[in-house]
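Below is one structure, written out as structure tokens; comments come after it.
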Amino acid sequence: MSTPVTSPPEPSRRLTRRERPFTAEEYHALAEAGILTEDDRVELLDGRIIAMSPIGAKHLHCVNRLNELFARRVYRSEKPLARISVQNPVRLSPHSEPEPDLVLLRPDAPQDRTPIPDDVLLLVEVADTSADFDRAEKRPRYAAAGIAEYWLVDLQAETVEVARTPENNDYAEITTAKPGDMLTVAVLPDLDALPVDAILAAHA
């Protein structure tokens, strides 16, 4: 009696996981659909939805101080030197839309769209526990997008890192300001300098 010949089993099909980055438009569609809400502390970087650190008291008050310090300087006349945007998005690219803590925008920046790098005079991030991420992940992206000047207020180190001249996905000029130093914005020579003490100190 002959033994029946059976065909070898077909190899199982492997399911390959494929990831595709979100566009800014898709990111906003998630919010419009209620999948993301205003209570979700997230931002879009390179097509990835990144969870942001909760805002603690030190972070909150530092952002408020920065807002007050800049407001006194840029809104002294009917023609402001800049416009202040606090914790609002900036469209770096079709796949990146972070929400920095404070941005100085050109006074004539269009108000019918999300700001883009050409609108930005200065971008500031305040970090209590996220300084390493802001330095290693965000700074290169801001430089690549052409943001002219980036400040990182490191609350734990009690310093302000000033990055200028974007070049090769980083900044050619990076300096660290400490209490006692004064800070200026390179593209706003008429803006009065800000004391680092006033940025960091609760009594400012």
Side-chain angles (χ1 to χ4, degrees), residues 40-46 48-74 81-82 84-90 92 96-105 115 117 120-189 191-204:
D40 292 312
R41 289 272 300 157
V42 295
E43 59 186 352
L44 186 68
L45 284 180
D46 292 341
R48 297 174 297 145
I49 298 176
I50 305 296
M52 300 166 65
S53 300
I55 296 177
K58 290 175 64 176
H59 184 285
L60 179 155
H61 291 298
C62 183
V63 173
N64 286 346
R65 288 196 299 273
L66 280 164
N67 188 20
E68 293 169 4
L69 289 164
F70 277 116
R72 295 175 201 160
R73 289 159 171 77
V74 303
L81 297 173
I84 301 171
S85 180
V86 177
Q87 294 177 338
N88 289 316
V90 174
L92 297 184
S96 288
E97 195 174 284
E99 297 184 12
D101 287 302
L102 185 141
V103 175
L104 293 188
L105 300 170
V120 176
L121 303 173
L122 170 70
L123 188 150
V124 184
E125 293 280 11
V126 175
D128 190 359
T129 60
S130 63
D132 289 342
F133 181 82
D134 291 338
R135 189 178 293 115
E137 298 292 333
K138 286 191 171 180
R139 192 175 79 194
R141 287 162 175 79
Y142 291 146
I147 300 295
E149 185 164 346
Y150 167 51
W151 293 3
L152 172 57
V153 181
D154 188 335
L155 295 174
Q156 291 193 8
E158 296 189 334
T159 61
V160 180
E161 293 180 15
V162 178
R164 294 172 175 158
T165 314
E167 184 178 287
N168 298 327
N169 294 340
D170 205 349
Y171 288 87
E173 178 186 353
I174 301 173
T175 58
T176 301
K178 300 178 180 179
D181 294 337
M182 303 290 288
L183 289 175
T184 59
V185 181
V187 297
L188 293 174
L191 185 78
D192 291 344
L194 281 73
V196 172
D197 299 83
I199 296 173
L200 297 172
H203 62 267

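Hydrogens, waters and symmetry mates play no part in the numbers below; they use all other heavy atoms, side chains included.
Between Thr184 and Leu191 there is no side-chain heavy-atom pair separated by less than 4.5 Å. Within the 4.5 Å cutoff, no side-chain heavy atoms of Leu66 are placed close to those of Asp101. You'll find the side chain of Glu161 stays beyond 4.5 Å of the side chain of Thr175, heavy atoms only.
A donor-acceptor pair under 3.5 Å is absent between the side-chain atoms of Arg164 and the main chain of Glu149, judged by distance alone. Distance alone, capped at 3.5 Å, places no donor-acceptor pair between the Glu97 side chain and the Val90 backbone.
Residues satisfying the salt bridge (Lys or Arg N to Asp or Glu O under 4.0 Å) test with Arg48, not counting sequence neighbours, are none. Asn88 meets the side-chain hydrogen bond (donor to acceptor under 3.5 Å, both in side chains) test with Ser85; sequence neighbours excluded. Scored by the side-chain contact (heavy atoms from CB on, under 4.5 Å) test, Ser130 finds Ser53, Ala127, Asp134 as partners (sequence neighbours excluded). Annotation: side-chain hydrogen bond (donor to acceptor under 3.5 Å, both in side chains) contacts of Arg73 (sequence neighbours excluded): none. Residues passing the salt bridge (Lys or Arg N to Asp or Glu O under 4.0 Å) test with Asp154 are Arg135, sequence neighbours excluded.
Listed here is the closest heavy atom pair of Asp181 and Thr176: OD2-O, 4.4 Å.
Atoms OH and CD1, on Tyr150 and Ile174 in that order, are 10.0 Å from each other to the nearest 0.5 Å.
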Donor-acceptor contacts under 3.5 Å from residues 139-146 side chains, at least two apart:
unit_1: Arg139; atom_1: NE; unit_2: Asp170; atom_2: OD1; d: 3.1
unit_1: Arg139; atom_1: NH2; unit_2: Asp170; atom_2: OD2; d: 3.4
unit_1: Arg141; atom_1: NE; unit_2: Asp46; atom_2: OD2; d: 2.7
unit_1: Arg141; atom_1: NH1; unit_2: Glu137; atom_2: O; d: 2.6
unit_1: Arg141; atom_1: NH1; unit_2: Glu137; atom_2: OE1; d: 3.2
unit_1: Arg141; atom_1: NH2; unit_2: Asp46; atom_2: OD2; d: 2.7
unit_1: Tyr142; atom_1: OH; unit_2: Glu125; atom_2: OE2; d: 2.7

